[in-house]
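Note on naming: letters A, B, ... go to the chains in the order of the sequence lines (proteins, then strands), and numbering restarts at 1 for each one.
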Number of protein chains: 2
Amino acid sequence: MNRDDLAVLTFRLSRRLLAIEQPILDRHGVPMWSYAVLTALSEGPTRSQASLATAIGADKTRLIPVLDDLQRRGLISREPDPTDRRVRLLSLTESGQRIHGTIHTEIRAAENALLSDLPQADREAFVRSLIRLSPR
Amino acid sequence: MNRDDLAVLTFRLSRRLLAIEQPILDRHGVPMWSYAVLTALSEGPTRSQASLATAIGADKTRLIPVLDDLQRRGLISREPDPTDRRVRLLSLTESGQRIHGTIHTEIRAAENALLSDLPQADREAFVRSLIRLSPR
DNA sequence: TATTGTTATACTCTATAACTATA
DNA sequence: TATAGTTATAGAGTATAACAATA
C-alpha cells in the first residue's frame, strides 16, 4: 500500500486534535500547558515542581508562569513542604478539580465524536494500539 | 477505561516517531522539512512554491532556505516557468530521487519495527484508522 | 493592479545559565 | 556543597509585513 509515513500521519492527527481542543480550552480560559498540569494533578498531588515538569514532558522553567497563573486563579494549592521548605507541594483545589472535570468531559466528547467515524472494532484496536505505541 | 486523552497519546507517539527518524535524516544530512519536500516532489513535479508549501503544511517563507539548500546540493530542479516567469517549476533530480528513496526505505523499516510490537490484526486496523483520521 | 517569490523583521516558544533560599 | 525553585537571557522556529519581479 502506498501511504504516507507514519510520522506524517501521526503529526497530522496530532494537529487536528489540537485544533479540536483549542476552542474548548479557550472557552474556559485554560491554556494547553495549564490543562496538562490540571490533568497530572487530578491523578493525585505532586511533591516538587521538577517532578511534575518531567511527568508532563515540560521544562521546569516554563512551568513557573503556568503555576503562577493557576495559583492566582485559585485552581491549585502550592505550599512549601514543612519537612523541606525548598520543595513545593502541589495539589488541585476544589475549584481546580471542578474545572478540570468539566474540560476533560468536553474534550472526551469531542474525541469520541471523531472516533465515531470508525467501525467499532477498528476504533477499539486503534485506541489500544495507540496506548501501546506511546509509552511515557 | 481510564486512559490519557487522545491528543496526549498522539502527541507522545508523534515525538517518539520523530526521535526514531531524526538519526536517519541526520545520517543523510537532510533536515525534516527538506525530507518533506523530497517526499512531496517524489509524487510528481510541482508548479509554484506556494502550492508546495500548503501541500506539506508549511509557510511559503520558511520553505525558501529549504529549497535553496536542496537546489545547491543538486537534489531538486527549480526553474522559472517559461509561460509565467513568476512561477518556479520544482522537480526532483535523479540524485534527489535516489536520496529520497534511500531515506524513505530506512524510515519505513524503522516504522515497521515499531509496528511489529502489535498483533497483526491490530497493526492493520491501526494504520487504516490513522489514515482515516488524518486527512490532509 | 494582482500574484509569485524573496527578504527583513518581529514574535512565540523553548532551553541555558545565573541567582536565591533552603538543606 | 548540593538541591528546589526562580529569574534573566539567548536561541530556534515560526509568522507578519514589506519589497522586487513579472503578469
Nearest whole angstrom, please: distance from the [atom2] of [N] to the [atom1] of [X].
X: B:Lys60; N: C:dT4; atom1: NZ; atom2: C1'; result: 7 Å
X: B:Arg85; N: C:dT6; atom1: CZ; atom2: P; result: 13 Å
X: A:Leu63; N: C:dT16; atom1: CG; atom2: P; result: 16 Å
X: A:Ile64; N: C:dC13; atom1: CD1; atom2: P; result: 17 Å
X: B:Asp59; N: C:dT4; atom1: CG; atom2: P; result: 14 Å

Exercise. Distance check: side-chain N/O of B:Arg62 vs OP1/OP2 of C:dG5, anything under 4.0 Å?
Worked result: no

Problem set entry | A:Trp33 side-chain N/O to C:dT14 phosphate OP1/OP2 under 4.0 Å | yes

For this session: Select one nucleotide: of C:dT14, C:dG5, C:dT4, the one nearest the side-chain heavy atoms of B:Arg86.
Result: C:dT4

Exercise. What are the bounds, 5' to 3', of the part of DNA chain D that sits under 4.0 Å from heavy atoms of chain B?
Worked result: D:dT14 to D:dA23

Main-chain N/O of [Y] paired to [X] side chain as donor or acceptor, under 3.5 Å:
X: B:Arg78; Y: B:Gln71; value: no
X: B:Arg123; Y: B:Leu118; value: yes
X: A:Glu21; Y: A:Met32; value: no
X: B:Asp5; Y: B:Ala7; value: no

Exercise. Does B:Asp68 come within less than 4.0 Å of B:Arg72, counting only side-chain N to carboxylate O?
Worked result: no

Problem set entry | Residue mapping more 5' on DNA chain C - nearest nucleotide basis, A:Ala58 or A:Thr83 | A:Ala58

Taking atom [atom1] of [X] as the centre, does the number of heavy atoms from other residues, nucleotides or ligands within less than 6.0 Å exceed 12?
X: B:Glu43; atom1: CD; value: yes
X: B:Arg62; atom1: CZ; value: yes
X: A:Phe11; atom1: CZ; value: no

Seminar exercise, completed: d(A:Leu13 CG, A:Phe126 CZ) to nearest 0.5 Å is 5.5 Å

Exercise. In what stems does DNA chain D take part, counting only runs of at least 3 consecutive Watson-Crick or G-U pairs whose two distances fall under 3.5 Å?
Worked result: C:1-23 with D:1-23

Problem set entry | Sugar-phosphate only, base, or nothing, as touched by A:Asp84 at under 4.0 Å among non-hydrogen atoms | sugar-phosphate

Exercise. Is B:Arg47 touching bases, backbone alone, or none of the nucleic acid, heavy atoms closer than 4.0 Å?
Worked result: nothing

